[in-house]
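Let me begin by presenting the structure, written as structure tokens, before commenting on it.
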Number of protein chains: 2
Amino acid sequence: MEDSKLKLENQICFPIYSTSRLITKAYKPFLDEIGLTYPQYLVLMVLWETDEISVNKITQKLMLNTNTISPLLKRMEKLELLKRSRSTKDERSVNVKLTEKAKQLKTGARPIPEKLLKTLLNENINLTDVLQLKEMLNEWIKILADKTKNID
Amino acid sequence: MEDSKLKLENQICFPIYSTSRLITKAYKPFLDEIGLTYPQYLVLMVLWETDEISVNKITQKLMLNTNTISPLLKRMEKLELLKRSRSTKDERSVNVKLTEKAKQLKTGARPIPEKLLKTLLNENINLTDVLQLKEMLNEWIKILADKTKNID
DNA sequence: TAAGTTTGCATCGCACACGATATAATCGCT
DNA sequence: AGCGATTATATCGTGTGCGATGCAAACTTA
């Protein structure tokens with residue numbers, strides 16, 4: 001019986017899982033400086049782009065469910081990074097708005113993407129590789145988002 | 001001021017993070033059938049390859065710390081998937097050994113890698129792409145494991 | 001317009017990840 | 001042999017992720 005497929009080193013999924021964790025770890029020193037966790041940083045990236053946005057829109061952009069986003073936003077509100085308020089148009093909907101404090105954090109965050117990219121580029125991986133990888137992952141995200149949409 | 005780098009869609013890290021979560025989700029139906037979580041499945045892949053292995057070796061292979069692995073193994077012992085016992089040679093070390101139940105789970109797990117791969121391949125992504133991606137990720141893991149080894 | 005369905009958000013419980021810390025065993029150096 | 005440093009593992013607290021469930025507002029459709 002051939003079991004090589006069950007070996008860790010032959011999996012494609014394990015390297016993605018590990019890389020993801022290691023990248024989050026690589027962010028840590030930079031995010032510590034501005035007092036953010038990685039998921040909080042993701043939320044702020046959404047809000048820096050579009051202040052005043054509904055919880056639902058955030059879940060869509062980050063592909064996370066409300067049972068992850070709601071407590072995350074709650075913690076961020078406690079950190080005075082944002083304000084939540086019921087929409088008047090649709091009472092079910094909650095709008096999220098940045099505080100001045102969070103807007104100013106953007107200055108500290110601006111150099112982070114470049115720093116991370118510098119960490120990831122070396123003699124074996126160039127920018128073209130990275131962009132190619134990004135395309136491929138986005139393709140996978142499309143496939144997987146579709147195939148897993150009924151799994152909860 | 002150019003802020004395009006702070007946009008979610010221009011990040012390479014976010015697609016990796018999302019793909020990782022979506023892949024775990026894609027595993028779920030298959031792992032549910034044999035009553036495992038994804039990290040538990042990873043531990044078993046290590047043990048199916050080498051039964052009787054120290055906790056330390058497992059942390060190295062999975063690149064996870066003991067504060068993640070210890071409780072994980074404890075839960076798995078409660079599920080009767082493995083036994084833990086102090087090494088006689090080195091009383092600090094704990095050896096992990098599969099139960100018969102876990103060994104038999106391997107039969108149920110055998111088709112899983114192929115199923116997952118089938119999910120990931122389509123008209124836009126072929127096996128060569130996947131293998132190329134794996135190489136690139138392994139390169140990143142090397143870089144990141146080194147650069148983050150002092151971050152805790 | 002009334003009843004059933006869907007939608008938007010929240011809460012609860014559980015399983016990771018991981019920083020900080022603790023403890024015991026072993027190692028290294030004198 | 002003795003003692004400080006290192007190593008292997010465990011525990012605690014916090015922050016995600018996410019399945020299950022709850023609830024109220026909005027929608028649908030008879």
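The chains referred to below are lettered A, B, ... by the order of the sequence lines, with proteins before strands, and numbering in each begins at 1.
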Listed nucleotide nearest any side-chain atom of [X], set [options]:
X	options	value
Leu64(A)	dC18(D), dA17(C), dT6(D)	dC18(D)
Lys28(B)	dG19(D), dA17(C), dA25(D)	dG19(D)
Asp90(B)	dA17(C), dA25(C), dA25(D)	dA25(C)
Leu72(B)	dC16(C), dA10(D), dA26(D)	dC16(C)

Calculate the interatomic distance between [X] atom [atom1] and [N] atom [atom2]; express it in whole Å.
X	N	atom1	atom2	value
Arg21(B)	dA15(C)	CZ	C1'	16 Å
Ile69(B)	dT7(D)	CD1	C1'	17 Å
Leu73(A)	dG17(D)	CG	C1'	14 Å
Asn65(B)	dT11(D)	CG	P	16 Å

Please state whether the phosphate of [N], meaning OP1 or OP2, lies under 4.0 angstrom from any side-chain nitrogen or oxygen of [X].
X	N	result
Tyr38(A)	dG15(D)	no
Asn67(B)	dC18(C)	no
Thr68(B)	dA17(C)	no
Ser93(A)	dC9(C)	yes
Arg84(A)	dC9(C)	no
Thr37(A)	dT16(D)	yes
Lys74(A)	dT11(C)	yes
Thr59(A)	dC9(C)	no
Arg75(B)	dA15(C)	no
Lys25(B)	dG17(D)	no

Taking all heavy atoms of Ala102(A) and all of Leu98(A), pick out the closest pair and write down the distance.
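Closest heavy-atom pair between Ala102(A) and Leu98(A): CB-CD2, 3.7 Å.
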Closest approach of Ile143(A) and Leu120(B), non-hydrogen atoms and distance?
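That closest heavy-atom pairing would be CD1-O, 4.1 Å.
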Under the 3.5 Å rule, do the base of dT7(C) and the side chain of Arg92(A) count as making a donor-acceptor pair?
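Checked by distance alone, the answer is yes.
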Any carboxylate oxygen within less than 4.0 angstrom of a Lys/Arg side-chain nitrogen, looking at Glu100(A) and Lys103(A)?
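Counted as a salt bridge, because a side-chain N and a carboxylate O are separated by less than 4.0 Å.
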Look up atom CZ in Arg110(B) and atom CG in Asp3(A), then write down how far apart they are to the nearest 0.5 Å.
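Separation between the atoms: 4.0 Å.
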Out of Leu133(B), Thr19(B), Asn124(B), which residue meets the side-chain contact (heavy atoms from CB on, under 4.5 Å) rule with Met136(A)?
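Only one option passes, and that is Leu133(B).
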